Amino acid sequence: MASGDTWREDYLAHEDYWMAVAALAAKRSRDPRTQVGACIVNQKNDIVAIGYNRMPKGCDDDHLPWNRHGQGKWDTKYAYVCSAVAVAIMNKKCADLKGCKIYVTLFPCNESAKLIIEAGIKKVVYLSDQYRDMEMIAASKKFLLAVAEVECIQFQPIKPTITIDLTVNN
């Protein structure tokens, strides 16, 4: 650093950056009630995957239900929507995810937990645990992830609010 220069003090810490990327990815979701984003980071602190909850590629969002409740299982989004974790794992930009950590805006359900374990991800950093009382979350947290020794920690931001200005200053 040149004499008289000072470090910029308002930069993002890695953890805030990665959770912000997950939160920004969640903004792509068309789900009217629950938008979830995920960001996978390798041991070198490089982002290797990003995902958000959505319908599978090639399936028109307008032709499948986004309902939480319906006449039967096939009338709800749960039969069709890909989780943010699944999308991130499928879209990885590396050979494997062994030893990586995943930043996710909502604690992963049991189906996502199985994918995390199979992928070799060793740490889950989650923002919200709003569904903690649901059986599928308990199965994920207390059994699957715990038995597989995947560390789970709730995210504590250094900067709770991040503003992104997309205007161009010429």
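Here the structure is a predicted model, which is why all the values come from computation and not from measurement.
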For residues Asp165 and Thr167, is any side-chain donor paired with an opposing acceptor at under 3.5 Å?
yes
Just by distance, with hydrogens left out, do Asn53 and Ser29 show a side-chain donor and acceptor under 3.5 Å apart?
yes
Restricting to side chain to side chain contact (heavy atoms under 4.5 Å, CB included), what partner residues turn up for Asn67, sequence neighbours left out?
Pro65
Can you sort out the partners of Tyr126 under ring pair (Phe, Tyr, Trp, His ring centres under 6.0 Å), two or more places apart, ordered by chain and number?
Phe107
Within 6.0 Å of [atom1] in [X], more than 12 heavy atoms from elsewhere:
X: Gln154; atom1: CD; result: yes
X: Tyr80; atom1: OH; result: yes
X: Glu135; atom1: CD; result: no

Heavy-atom side-chain proximity of Leu144 to Ile117 below 4.5 angstrom:
yes
Are the side chains of Val41 and Tyr103 in touch, meaning some heavy atoms are under 4.5 Å apart?
yes
Main-chain N/O of Ile47 paired with Asn42 side-chain donor or acceptor, under 3.5 Å:
no
Under a 4.0 Å N-O cut-off, is there an ion pair linking Lys141 with Asp129?
yes
Lys/Arg-Asp/Glu bridge criterion (N-O < 4.0 Å) met for Asp61, Lys77
no
